[in-house]
Amino acid sequence: MRHVARFFLISVLAACAVNPVTGNRELSLVSESQEIQMGQEAAQQVGAQMGVYPDAGLQRYLDGLGQSIARQSERPNLPWSFTVIDDPVVNAFALPGGPIFFTRGILAHMNSEAQLMSVLGHEIGHVTAKHSVSQMSKSQFAQIGLIGAMIIKPELQQFGELGSSALGVLFMKFGRDDETQADELGFKYMTNLNYDPSEMAEMFKTLERLGGGSQGTPEWLSTHPDPGNRVAMTRDRISAWTHGAGRLKVERDSYLRRLDGVVFGEDPRAGYFKQNVFLHPTLKFRVDFPSGWRTANQASQVLGVSSAQDAMLAISAGKGSASQAMQQFLSQQGLQSNGASNTRINGLTASSAQFAAQTQQGVLMGHVVFIELDGSTYRMLAYTGQQQFNSYDQVFRRALGSFQRLTDPAALNVKPDLIRLVETPSAMTIEQFNARYPSTIPIDKLALINGFAGPSATIPARTLVKRVMAQ
């Protein structure tokens, strides 16, 4: 046992590496090549599941700004990439090894290039300081310790999987120290490029207002816990900062012009829910999901989960005939079925089957349907645990049998809201602006996306202001 302990200690010491930001040695069980590989693989999944926003100019703009920070960061040689994803939520996040993602939702809530640079710098800081790598290393280290305990006490083995899972969830969340460091790095990166750091404080104000409103906590704040009063801490950094000669960059108008015509909020052309009915105007189909289920529309699939979270319905698109797709599905190892039946559902060619699958969590049972529409074959997969199958059987059958061609002209012709810009001819309040240039969003939301405290705030004359209009 002494030899095992000595080997374990030597392995831990060998796994220490120098942090490129702090210069300190720290535990690192993930090599840079592994970090890059994980990030690249995860980036492909993000693109597939969330969708890339189809605006090449906006994509080049974000990537150019991000690369300008990355080149002068502590890790300039990483394969950095910066992508706008087609998501209305307010969020930005970094993956290990260099991929950075911004939603169009967070871009819509920014009001200057300097604000964008502050958040870009923050996300880049998570990567340069190796925060994800540190969390993964801590998780692996904890699991190594757990495995060591199992060698000593074999009766602990039954808790191994549970312990590893819990530790993984615990350590993969960035802590306040990581968030403070990322804020500090974002401040450094933007000021090194001569951007006005007071815009960083303005961005944090917007996020705080969004968190205090009816929209609920924005995704960025839920994934980036507040290390304290971010606005006050930014002001303290500004007070202690000595900047050189030259005018600080804000680039408000040039940034806002990049947003003119960008989709705001949910894009119904990519599919949307009307109560429990899912409608897809572009692909021209509709499906009735079970009433009361939680639903989500992703780029790669549409999901529904029962209120008890013990049953799921998923719809995704593929190619080939319905019968070919069914044959391939049923040939999967561990899957059992009495065979498929070729049928028609609401006039569409389809193939359906009931199946059972053995998993580590037990036996799953469900129905699968492949259905052809306009050159695509859609897979509808509904399943639950073996014990619950009888209670969900008819629920599944009704949902799967509801797939049909969308013919309602109003649904087929629905359009997304867009951001449009107006230059104020004179000074006016947000309330007065909204009366003259109505938006499709509430007035409080209009004030928020323009960086104003509320409807009574005054907009100076000759100011570009965002409004949201139906297309």
Side-chain angles (χ1 to χ4, degrees), residues 53 55-73 80-84 90-92 100-125 182-183 185-207 209-210 220 230-231 234-235 237-238 241-264 418-424 433 446-453 457-468:
Y53 187 63
D55 184 329
L58 194 61
Q59 296 290 351
R60 287 193 298 270
Y61 174 65
L62 181 69
D63 190 71
L65 292 178
Q67 298 292 350
S68 70
I69 297 178
R71 282 194 297 270
Q72 53 98 33
S73 75
W80 295 96
S81 63
F82 303 86
T83 306
V84 183
V90 177
N91 199 16
I100 309 288
F101 292 88
F102 275 61
T103 63
R104 59 174 169 80
I106 197 170
L107 296 180
H109 285 75
M110 295 178 176
N111 284 283
S112 71
E113 189 171 279
Q115 290 183 14
L116 174 56
M117 292 295 273
S118 72
V119 182
L120 272 168
H122 176 102
E123 299 303 332
I124 289 172
D183 286 350
L185 289 168
F187 184 94
K188 181 180 79 168
Y189 295 150
M190 72 179 299
T191 54
N192 283 350
L193 293 173
N194 209 36
Y195 282 92
D196 187 347
S198 66
E199 289 294 289
M200 185 180 216
E202 291 302 312
M203 187 63 213
F204 287 146
K205 284 181 185 178
T206 295
L207 290 168
R209 291 186 192 117
L210 186 60
W220 195 87
R230 276 191 156 114
V231 175
T234 301
R235 288 172 175 163
R237 293 186 187 105
I238 293 172
W241 173 56
T242 303
H243 63 87
R247 183 179 178 182
L248 294 173
K249 293 186 287 186
V250 174
E251 300 294 340
R252 182 182 186 276
D253 287 1
S254 62
Y255 174 77
L256 291 179
R257 289 191 176 96
R258 302 269 182 184
L259 299 182
D260 194 27
V262 169
V263 172
F264 186 88
L418 303 180
I419 296 174
R420 291 301 185 190
L421 301 179
V422 175
E423 186 177 282
T424 54
F433 175 87
L446 180 67
L448 177 68
I449 67 171
N450 282 287
F452 291 100
T458 299
I459 310 168
R462 316 303 298 178
T463 298
L464 283 181
V465 181
K466 289 176 279 189
R467 65 185 296 210
V468 178

Distance in Å, [X] [atom1] paired with [Y] [atom2], rounded so as to fall on 0.5 Å steps:
X	Y	atom1	atom2	answer
Asp63	Thr83	CG	OG1	7.0 Å
Leu446	Arg467	CG	CZ	9.5 Å
Met110	Ser118	CE	OG	6.0 Å
Leu207	Leu448	CG	CG	9.0 Å
Thr191	Met117	OG1	CE	10.5 Å
Leu62	Leu120	CG	CG	5.5 Å

Option among His109, Glu113, Gln115 that satisfies the side-chain contact (heavy atoms from CB on, under 4.5 Å) test with Asn111: Gln115
side-chain contact (heavy atoms from CB on, under 4.5 Å) between Leu185 and His122, intermediate numbers included: CA-CA 6 Å; Leu185 289 168; His122 176 102; over 6 Å; no
Salt bridge present between Asp196 and Lys249 (N-O < 4.0 angstrom): no
Report yes or no: does [X] contribute a side-chain atom to a donor-acceptor pair with the main-chain N or O of [Y] at less than 3.5 Å?
X	Y	value
Thr424	Pro460	yes
Gln59	Val84	yes
Tyr53	Val263	yes
Thr234	Ala201	no
Lys205	Val231	no
Asn450	Phe452	no
Asn194	Arg247	yes

Verdict with reasoning, Leu116 to Leu65, per side-chain contact (heavy atoms from CB on, under 4.5 Å): CA-CA 9 Å; Leu116 174 56; Leu65 292 178; 3.6 Å; yes
side-chain contact (heavy atoms from CB on, under 4.5 Å) between Thr206 and Val90, intermediate numbers included: CA-CA 11 Å; Thr206 295; Val90 177; over 6 Å; no
Set of residues satisfying ring-ring contact (aromatic ring centres under 6.0 Å, His included) with respect to Phe433, sequence neighbours excluded: Tyr437
[X] versus [Y], closest heavy-atom pair with distance:
X	Y	value
Ile419	Ala108	CD1-CB, 3.7 Å
Glu423	Leu464	CB-CD2, 4.0 Å
Lys466	Ile449	NZ-O, 2.5 Å
Met203	Ile106	CE-CG1, 4.3 Å
Gln72	Ser68	CG-O, 3.4 Å
Ala114	Tyr195	CA-CD2, 3.8 Å

Can you tell if the side chain of [X] reaches within under 4.5 Å of the side chain of [Y], non-hydrogen atoms only?
X	Y	result
Val250	Ser198	no
Ile124	Phe82	yes
Arg420	Val468	no

From Glu202, Arg252, Glu199, residue fulfilling side chain to side chain donor-acceptor pair (under 3.5 Å) relative to Ser112: Glu199
Asp183 and Arg237: CA distance, side-chain angles, deciding distance, side-chain contact (heavy atoms from CB on, under 4.5 Å) verdict: CA-CA 10 Å; Asp183 286 350; Arg237 293 186 187 105; 3.9 Å; yes
Aromatic ring pairing Phe187/Trp241, orientation class (parallel under 30°, perpendicular over 60°, tilted between): perpendicular
